[in-house]
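The structure appears right after this line, and notes come after that.
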Amino acid sequence: MAFNIAIDGPAGAGKSTIARALAKRLSYIYVDTGAMYRAMALYLLREGISAEDSGRIEEACERVDISIIYEDNVQKVLLNGEDVSSLIRSEEVGNMASRSAQNGRVREKLVELQRQLAAKTDVVMDGRDIGTCVLPGADVKIYLTASVHTRAVRRYKEYLEKGMEADLAQIEEDIEKRDHQDMNREISPLKKAEDAVLLDSSDMTIEEVLDAMTAVCEKKKS
Ligand code: CDP
Ligand code: CDP
């Protein structure tokens with residue numbers, strides 16, 4: 001049986017950074033489910049389909065092909081065969097992903113793909129509904145969070161490091177809006193699974209979070 005580690009939490013909590021590092025430490029595959037919602041969002045943006053147009057979104061789900069491949073253990077997300085891994089990293093795509101992720105058919109399609117990946121191999125999978133919906137029987141569940149301000153500052157620094165302009169107050173506002181959307185949607189809202197370990201990384205370094213998670217996994221394995 002594959003060993004599954006589920007990490008959920010809000011934007012900027014450090015999920016992808018930590019999940020990637022944890023997967024490397026354990027020699028597991030890292031599955032970034034947000035990238036799948038982002039690829040779907042990019043498709044909708046390109047097609048000029050509104051996040052509120054559920055009829056056209058459902059039609060789009062029938063023709064769009066989203067798949068995941070691994071090159072040197074790095075996940076690449078393919079949209080109709082095109083590698084869109086870098087193109088999906090904008091705030092515009094992130095916001096569209098959060099809005100279109102409210103659609104039940106979009107979720108059904110992507111959850112199926114996520115379960116297929118986790119059934120085959122040991123994974124560290126991160127997202128919003130992994131412990132509550134995608135892998136309710138995951139061996140380890142972690143809910144990783146941090147204060148809105150801490151998360152906004154992290155995103156702000158990322159933009160500056162990339163040489164991009166950024167407005168901290170705007171980022172903080174966007175994060176609050178996305179949290180609200182993700183936590184209050186009807187289908188699979190972001191929430192801590194009852195059996196998930198809660199980690200608040202507001203005052204923790206990446207290394208400290210990683211060590212805490214490794215300890216949780218090792219305890220479970222032994
Ligand atoms: O995947 P998610 O949106 O939850 O967050 P992320 O993209 O992994 O992390 C956002 C930023 O926070 C990254 O630049 C990390 O290096 C940083 N980070 C941090 O400074 N301290 C932590 N304890 C965790 C992440
Ligand atoms: O990296 P960041 O935390 O900003 O976002 P992401 O993980 O790339 O996810 C983008 C959006 O997709 C989120 O705001 C969620 O609305 C949605 N998503 C979801 O609904 N379920 C998941 N398992 C993963 C992402």
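As the structure is a prediction and not an experimental result, all values here were calculated from the model. As the structure lists them, so they are numbered: ligands from 1, and atoms in each ligand from 1. Below, each value reflects all heavy atoms present in this structure, side chains not excepted, and no hydrogens, waters or symmetry copies.
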Protein contact to [atom] [nearest heavy atom, distance to 0.1 Å]:
atom                    : value
atom 17 (C) of ligand 2 : A101 CB, 3.9 Å
atom 23 (N) of ligand 1 : M204 O, 2.9 Å
atom 11 (C) of ligand 1 : E158 OE2, 3.3 Å
atom 10 (C) of ligand 2 : R178 NH1, 3.6 Å
atom 5 (O) of ligand 1  : G14 N, 3.1 Å
atom 16 (O) of ligand 1 : I206 CD1, 3.4 Å
atom 12 (O) of ligand 1 : R154 CD, 3.0 Å
atom 9 (O) of ligand 2  : G34 CA, 3.7 Å
atom 21 (N) of ligand 2 : R107 NH2, 3.1 Å
atom 8 (O) of ligand 2  : R38 NE, 2.6 Å

salt_bridge([X], [Y]) N-O dist < 4.0 Å:
X    : Y    : answer
K220 : D195 : no
R107 : D129 : yes
R105 : E108 : yes
R155 : E158 : yes

Side-chain touch K109/V64, heavy atoms, less than 4.5 angstrom: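 Counting from C-beta outward, K109 and V64 do come under 4.5 Å.
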
Could you tell me if the side chain of V209 sits less than 4.5 Å from the side chain of T17, heavy atoms only?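 No, side chains not in contact.
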
Would you find a donor on one side and an acceptor on the other, under 3.5 Å apart, between the side chain of [X] and the backbone of [Y]?
X    : Y    : answer
R99  : E52  : no
D72  : V74  : no
K15  : P10  : yes
T205 : E208 : yes

Any non-hydrogen atom of [X] lying under 4.0 Å from ligand 1?
X    : answer
K157 : no
P10  : yes
G9   : no

Counting from 1, what ligand 2 atoms have a heavy atom of [X] closer than 4.0 Å?
X    : result
D182 : 13 (C), 14 (O), 15 (C), 16 (O)
Y37  : 12 (O), 18 (N), 19 (C), 21 (N), 22 (C), 23 (N), 24 (C), 25 (C)
R155 : 1 (O), 2 (P), 4 (O)

Members sharing V148's hydrophobic cluster (side chains within less than 4.5 Å):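 ILVMFWY cluster around V148 also holds V153, Y156, Y159, L160, M164, L168, I171, I175.
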
Does an N or O from [X], backbone or side chain, lie closer than 3.5 Å to an N or O of ligand 2?
X    : result
T33  : yes
R185 : yes
D129 : yes

Pairs of nitrogen or oxygen atoms closer than 3.5 Å, one from [X] and one from ligand 1: do any exist?
X    : answer
A13  : yes
D126 : no
G12  : yes
A11  : no

Pick whichever of R151, M183, R128 has a heavy atom sitting closest to atom 7 (O) of ligand 2.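 Considering heavy atoms of R151, M183, R128, the nearest to atom 7 (O) of ligand 2 sits in R128.
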
Is there a heavy atom of [X] sitting under 4.0 angstrom from any atom of ligand 2?
X    : answer
M36  : no
Q114 : no
K15  : yes

Distance under 4.0 Å to a non-hydrogen atom of T205: what atoms of ligand 1 satisfy this?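 Per the distance check, 23 (N).
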
In terms of atom number and element, which parts of ligand 1 are under 4.0 angstrom from non-hydrogen atoms of T17?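 Those of ligand 1 that fall under 4.0 Å from T17 are 6 (P), 8 (O), 9 (O), 13 (C), 15 (C).
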
Which is it for R25 and E207 under the salt bridge (Lys or Arg N to Asp or Glu O under 4.0 Å) test, yes or no, and what are the steps along the way? CA-CA 12 Å; R25 204 179 252 194; E207 205 54 36; 3.2 Å; yes

Is it possible for you to say whether V124 and I206 belong to one hydrophobic cluster, with membership spreading through side-chain heavy-atom contacts below 4.5 Å?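 Yes, same cluster.
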
No-hydrogen, no-angle side-chain donor-acceptor test under 3.5 Å, N95 and E91: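 Their side chains do not contain a donor-acceptor pair, so the 3.5 Å distance test is not met.
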
So does E62 have more than 12 non-hydrogen atoms from other groups sitting under 6.0 Å from CD?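 Check passes, neighbour count above 12.
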
Counting only heavy atoms not in K191 (residues, nucleotides, ligands), do more than 12 fall under 6.0 Å from its NZ?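 Atom NZ in K191 is not crowded, with 12 or fewer foreign heavy atoms closer than 6.0 Å.
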
